[in-house]
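Naming: A, B, ... by sequence-line order, numbering from 1 per chain.
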Amino acid sequence: MVGSPVLFVAIPLLAAFIIPLTGMIWKNSVRIIPGLVLAFMFALSISLMGYVSEHGTIVEVIAGWKPPIGINLVFSPFTGFLTMLMTFLGFMVWLYSYKFKRNVDFEPSMKYFILLMLLVTGSVGIVLTGDIFNMFVFIEIVSISGYGLTSFYTRRDSAEAAFKFLFMGAIASTFLLIAIMIIYSQLGTLNIADIAEKMPLMDNKLKVLSLVFFILAIGVEAEIFPLNGWAPDVYTQAPGPIGAAFAGIVVKAAIYASVRLVYTMYDFGGAFDLFIIIGLITFIVAETTALRQDRLKRMLAYSSIGQMGLVMIAFGIGTKEGVYAALFLMFNHAIIKSLLFFSGSYLVFNKKNKYIKHVNGMGKYLPITSVLFTIGSFAIIGLPPFSGFWSKLAVLTAAADSKMVILIAVILIISILEAVYYLRVVNRIYFFDKKEKTETQKPSINALIAMICLGIIVLVIGFYPDLISGYLDRAATDLMDKGNYIKEVLTINK
Amino acid sequence: MEKYLDILNVAIYGSAVLLMLIGLYGALTKKSLIKIVLGLSILDSGVHLLMIAIGYLKDGTAPIFSAGNEEKMSVMVDPIPQALVLTAIVIGFGVTAVAISLVIRLYRHHNTLRIDEIKKLKW
């Protein structure tokens with residue numbers, strides 16, 4: 001083993017606080033260090049994934065206290081896969097925003113990179129931790145750095161969006177604390193594996209009550225329907241790459257948390273139906289709302305919420321095929337939505353309200369960015385040569401295997417709406433004339449590399465889905481095997 | 001029976017729930033941004049009090065092991081909720097600080113603290 005999972009939390013946290021010091025000596029280190037750290041984390045996650053596939057789950061014990069007393073980190077095929085995805089996206093976000101505010105000012109760019117590092121720390125921590133209170137702390141790290149990043153631009157209405165986010169996040173965090181306290185007062189433990197083992201002892205009423213508080217709290221970050229009022233505002237007001245970071249990293253971590261609760265901690269099957277119902281409502285409402293948006297980033301935000309609904313539906317099917325489809329969707333959504341946010345930001349660069357009509361005729365002025373946006377649009381709709389096709393097919397086959405015919409019908413009908421609003425934008429890019437003579441911004445070389453990388457991944461996975469299906473398969477098996485998780489965490493000998 | 005009618009227990013749990021309800025009421029109904037932040041802060045305090053109450057033990061001692069004191073182990077209060085509440089207080093403080101700074105930003109941008117007059121972003 002080359003490293004240990006604790007480095008995923010320790011190194012970015014250290015980097016976040018060391019950046020201002022090195023920045024005093026050498027200003028460019030503020031930009032370079034985060035990239036090195038994220039590249040290292042990605043390489044580490046790949047090598048640990050190789051180790052895990054041979055030797056089984058790594059359970060890291062912190063400070064010598066064995067579970068269930070101490071805090072532990074669990075690097076299993078499932079959490080490792082998500083860590084790999086998140087660190088890769090973190091690296092892409094860094095690459096895209098490497099020249100962020102380079103010629104403007106030193107101070108804002110330093111703050112931006114500090115908050116970005118904290119965002120990645122918190123998200124990876126949520127996924128790796130095996131302790132619910134630790135999870136609460138990481139969720140708070142993510143939220144607070146999220147508030148900071150949202151209110152980054154003082155000229156926009158960003159403080160309003162950030163306050164909305166903060167209001168929901170603060171109430172959610174108290175609910176999370178209440179849920180943790182209900183569990184602790186009944187079972188006397190905070191370790192997820194230990195809770196999962198002792199869960200049958202708990203009173204049914206309190207079980208439901210704590211699950212409701214958990215879902216309410218985590219649902220805010222996971223963009224579940226009635227709790228996602230913050231999302232469109234945050235995506236429009238935050239800096240462009242941060243939209244990608246939210247869609248690709250933070251939301252994935254929150255979805256992981258809710259899945260871990262329902263699949264591992266709680267033991268009733270009704271929760272799966274709850275997932276399907278929540279997912280369907282989220283999917284339908286978000287996609288229909290996206291249809292009538294006139295601003296590009298707002299449309300992408302609602303599309304992101306809708307995709308999360310689809311992920312919830314896939315997890316709610318509850319079979320191994322369903323989990324496989326959900327993980328495939330999470331992977332694809334992270335890659336494709338980042339590509340769309342990255343290229344979309346350049347299509348409406350420097351426009352005040354970022355209306356969809358601003359992309360008119362951009363195909364001539366920004367050819368590469370437009371092609372990449374088009375690839376992303378086609379992929380997220382689920383057109384065949386792109387990666388999105390395979391994940392949507394996996395969801396539909398999983399639903400068909402479980403005889404959920406109505407579900408298939410709803411997903412297909414709503415997919416038509418999705419196609420309508422994405423193709424509308426693509427149509428404007430290529431077949432409309434540019435009216436006003438406004439300046440277009442050519443993407444910087446590092447942003448272009450980041451976008452092309454993501455575009456290539458979309459195409460490669462589209463032609464060779466087998467490249468990642470091995471990872472996905474192992475991750476799905478790992479999540480479904482609850483007894484194995486409990487055994488591995490509780491019987492660690494070190 | 002005596003256990004359930006313990007006045008102290010009722011008082012602590014009751015005031016924790018009462019604080020939470022006051023905080024929620026303030027956060028959800030007040031129009032002034034400062035009062036909303038206050039409401040969130042009170043809601044937080046209520047939860048912290050609830051956490052402390054869960055770890056409370058009547059006639060319990062401080063959870064410190066020392067020589068000649070081993071037989072008192074059974075009457076120690078549970079230290080975990082206290083450790084958790086310390087963390088939660090710090091986090092709550094951080095959130096309140098961020099909230100207040102956002103309120104200042106909002107006031108500079110919109111020249112008002114009334115939340116119903118700040119509505120540039122819509123659903």
request  = Anything in residues 28-36 of chain B with a heavy-atom distance to chain A below 4.5 Å? Please list those residues in order.
outcome  =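 Contacts with chain A: B:L28, B:L33, B:I36.
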
ask   = Who pairs with A:S143 by side-chain contact (heavy atoms from CB on, under 4.5 Å), at least two apart in sequence or on another chain?
value = A:I139, A:E140, A:Y147, A:E221

Please tabulate, for the side chains in residues 183-190 of chain A, all donor-acceptor contacts under 3.5 angstrom to protein atoms that are two or more places apart in sequence or on a different chain.
| from | atom 1 | to | atom 2 | distance (Å) |
| --- | --- | --- | --- | --- |
| A:Y184 | OH | B:D78 | OD1 | 3.3 |
| A:Y184 | OH | B:D78 | OD2 | 2.4 |
| A:S185 | OG | A:M181 | O | 3.2 |
| A:S185 | OG | A:I182 | O | 3.0 |
| A:T189 | OG1 | A:N191 | N | 3.2 |
| A:T189 | OG1 | A:D194 | OD2 | 3.1 |

remark   = Against chain B, residues from residues 168-177 of chain A with at least one heavy atom under 4.5 Å, in numeric order, are A:A170, A:I171, A:T174, A:L177

Heavy-atom distance under 4.5 Å to chain A: side chain of [X], backbone, both or neither?
| X | answer |
| --- | --- |
| B:I54 | side chain |
| B:L40 | side chain |
| B:V98 | both |

task = Flag the one option from B:L84, B:D44, B:L43 with the top tally of heavy-atom pairs under 4.5 Å to chain A.
result =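 Of the options given, most contacts go to B:L84.
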
message = Please identify, among B:A88, B:G94, B:A27, the residue contributing the most non-hydrogen atom pairs under 4.5 Å to chain A.
response = B:A27

key: A:F136 and B:I91: CA distance, side-chain angles, deciding distance, side chain to side chain contact (heavy atoms under 4.5 Å, CB included) verdict   = CA-CA 10 Å; A:F136 163 79; B:I91 291 172; 3.7 Å; yes

query = Which atom names give the shortest non-hydrogen contact between A:F163 and B:L102, and what distance separates them?
reply = N-CD1, 3.9 Å

query = Above 12 or not: heavy atoms from other molecules or residues under 6.0 Å from OH of B:Y13?
reply = yes

message = For the NZ atom of A:K164 and the CD1 atom of B:I115, what is their distance to the nearest 0.5 Å?
response = 9.0 Å

